[in-house]
Amino acid sequence: MAHHAPRPPSDRSALPDRRMAAPRSRWSRCTTALVALIGATVALTGGATAAHADPSVAEIERRIDEDWNKLEPVIEQHNATRQDLAAKRRQATALARRIAPLQRQVDQAMDQVTGLAVEAYKGEHISAVNALLGSRSPSDLVGQLELLDRFAQRQQRDVRAVVDLRDELAARKAPLDEMVGRLTRTEAQLAAKKQQIDAEIDRLQKLRLKVYGSGGGGALRPAPCPAGYPGGPAGTAVKFACAQIGKPYVWGAEGPGAYDCSGLMLAAWAKAGESLPHNARQQRQVTARVSRAELRPGDLVFYYPDLHHVGMYVGDGWVVHASRAGMPVRMKRVDDGPVNSYGRV
């Protein structure tokens with residue numbers, strides 16, 4: 001009869017303690033499944049931190065246009081402010097020239113008044129009068145006193161007139177000085193704002209070059225410019241504008257090597273003997289309104305509700321304009337942009 005090995009005594013302490021390894025909770029199992037799912041997603045997508053795709057060409061152009069349409073009104077306002085500043089400074093210079101001789105007259109008159117006061121204080125003036133009384137006949141004395149009285153009155157009138165003029169000019173110059181100071185501060189603020197937006201434009205332009213390469217600018221002269229050759233001043237202006245195609249955009253520039261939008265219009269019509277302000281809105285104010293059907297080469301085309309951009313119509317539905325930083329002077333279709341109105345110089 002076979003003998004079986006004796007069973008070990010039933011001792012629970014010899015068995016593993018199942019209470020020390022509790023069964024996994026439902027939350028733990030769900031967490032494990034979620035980790036596995038994330039891992040599979042990462043494997044499919046190439047990593048959770050994969051870089052976003054670069055913006056499309058259309059998105060880049062849209063962003064450039066948006067930022068530029070914020071910048072160009074600032075530039076056009078700066079142009080107007082700069083013109084106003086120059087005019088006010090010329091006025092200040094003219095006032096300074098006017099006030100200089102008057103100031104010298106006032107200084108001389110005040111010196112005389114001061115001298116009389118000093119003499120009177122020292123008694124010298126009284127001595128002079130006593131000498132006058134003692135050395136002349138009564139008739140001579142009366143004549144001399146009348147002459148002195150008239151001279152004194154005239155001198156007082158002259159001094160009063162000079163002082164009045166000086167005060168008037170000072171009163172006129174004080175707000176002028178304040179205005180020049182305000183314009184100067186505004187110019188500095190505009191320049192700072194322009195630097196901020198230019199930095200963003202440069203960044204977007206780098207993206208644009210990355211997508212397009214160096215040949216992304218398109219044709220600068222896609223059609224004959226001008227379409228025809230009108231005579232007179234308009235012909236001179238339009239041919240000048242066409243000749244500037246390819247030159248760079250520089251804000252505030254009016255040639256000969258670079259232009260902004262209103263600067264190009266100013267320079268083209270200056271070539272034809274006509275003066276325009278360096279500001280698109282002001283150019284609209286000084287030109288005669290014409291309809292689309294009446295457009296002819298040399299007319300100005302104004303864009304956007306706030307009139308912050310302008311180009312020159314060159315015929316056959318084309319305009320020449322200085323569009324924006326990073327883009328040279330070029331042609332575009334007249335309806336390529338929200339047209340506001342048309343003007344004739």
Side-chain angles (χ1 to χ4, degrees), residues 72-73 75-87 90 219-304 306-324 327-345:
E72 194 167 38
I75 291 173
E76 287 300 293
Q77 179 59 44
H78 181 278
N79 289 336
T81 301
R82 187 180 57 179
Q83 287 183 130
D84 193 26
L85 180 63
R90 287 194 295 270
L220 302 181
R221 193 189 295 261
C225 187
Y229 287 91
T236 301
V238 75
K239 286 187 284 187
F240 179 90
C242 289
Q244 309 314 303
I245 291 176
K247 291 186 178 180
Y249 178 101
V250 174
W251 74 274
E254 53 191 56
Y259 302 90
D260 64 10
C261 69
S262 55
L264 178 60
M265 304 302 102
L266 179 155
W269 274 102
K271 189 72 173 178
E274 298 289 342
S275 177
L276 290 176
H278 194 158
N279 175 269
R281 177 180 287 275
Q282 293 177 0
Q283 288 177 0
R284 180 67 196 88
Q285 293 171 352
V286 300
T287 54
R289 184 179 292 272
V290 296
S291 69
R292 172 65 181 270
E294 296 171 320
L295 269 182
R296 66 189 187 199
D299 289 343
L300 305 187
V301 183
F302 299 94
Y303 293 89
Y304 300 97
D306 62 354
L307 297 163
H308 71 252
H309 189 69
V310 61
M312 181 176 289
Y313 186 69
V314 295
D316 278 356
W318 294 93
V319 297
V320 169
H321 71 140
S323 60
R324 66 186 183 210
M327 301 289 286
V329 176
R330 59 193 301 158
M331 296 173 68
K332 73 167 185 173
R333 281 293 182 181
V334 67
D335 292 321
D336 182 10
V339 175
N340 176 285
S341 54
Y342 311 96
R344 180 165 296 160
V345 179

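Throughout, numbering of the chain's residues begins at 1 and tracks the sequence. For the numbers below, each heavy atom of this structure counts, side chains included, while hydrogens, waters and symmetry mates do not.
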Stepwise side chain to side chain contact (heavy atoms under 4.5 Å, CB included) test for Tyr342 and Arg289: CA-CA 6 Å; Tyr342 311 96; Arg289 184 179 292 272; over 6 Å; no
Donor-acceptor check, side chain of Lys247 to backbone of Pro256, threshold 3.5 angstrom: yes or no? yes
Between the main-chain N or O of Gly252 and the side-chain N or O of Arg82, is there a donor-acceptor pair closer than 3.5 Å? yes
Is Pro222 close to Met331 at the side-chain level, that is, under 4.5 Å between some pair of heavy atoms? yes
On a heavy-atom basis, which atom in Ala234 and which in Pro297 lie closest, and how many Å separate them? CB-O, 3.6 Å
Spatial distance of atom SG (Cys261) from atom CZ (Arg324) [nearest 0.5 Å]: 13.0 Å
Does Lys332 NZ have over 12 foreign heavy atoms under 6.0 Å away? yes
Ignoring hydrogens, what is the shortest heavy-atom contact between Ala253 and Ala258? Give both atom names and the distance. CB-O, 3.4 Å
So, Arg281 side chain and Asp306 main chain: donor-acceptor pair closer than 3.5 Å or not? yes
Can you tell me if Glu254 and Tyr259 form a side-chain donor-acceptor pair at under 3.5 Å? no
I'd like to know if the side chain of Arg284 pairs up with that of Ser341 as donor and acceptor (distance under 3.5 Å, no hydrogens or angles considered). yes
Measure the spacing between CG of Asn79 and CG of Asp84 and express it to the nearest 0.5 Å. 12.5 Å
Sort out for me which residue in Val319, Val310, Asn340 forms a side-chain contact (heavy atoms from CB on, under 4.5 Å) with Tyr303. Val319
Any side-chain donor paired with an acceptor under 3.5 Å for His309 and Glu72? yes
Which residues pass the side-chain contact (heavy atoms from CB on, under 4.5 Å) test with Ala227, sequence neighbours left out? Asp316
Shortest non-hydrogen pair, Gln244 vs Val329, comes out as O-CB, 3.5 Å
For residues 335-344, the salt bridge (Lys or Arg N to Asp or Glu O under 4.0 Å) pairs (sequence neighbours left out) are Arg292-Asp335, Asp299-Arg344
Quick check against the 3.5 Å criterion: does Gln283 have a side-chain atom that pairs as donor or acceptor with the backbone of Ser262? yes
Does some side-chain heavy atom of Pro277 sit less than 4.5 Å from a side-chain heavy atom of Leu266? no
Quick check against the 3.5 Å criterion: does Arg296 have a side-chain atom that pairs as donor or acceptor with the backbone of Gly315? no
Under 3.5 Å, is there a donor-acceptor pair linking the side chains of Gln282 and Glu76? no
Below 4.5 Å, heavy atoms only, C-beta onward: do Cys242 and Val320 meet side chain to side chain? yes
If you measure from OH on Tyr249 to NE2 on His321, what distance do you get to the nearest 0.5 Å? 11.0 Å
What I'd like to find out is whether the side chain of Pro248 reaches to under 4.5 Å of the side chain of Pro328, using heavy atoms alone. no
Just wondering, do Met312 and Leu300 contact through their side chains at under 4.5 Å, heavy atoms? yes
Could you check Thr236 against Trp269 for side chain to side chain contact (heavy atoms under 4.5 Å, CB included), going step by step and ending with a plain yes or no? CA-CA 8 Å; Thr236 301; Trp269 274 102; over 6 Å; no
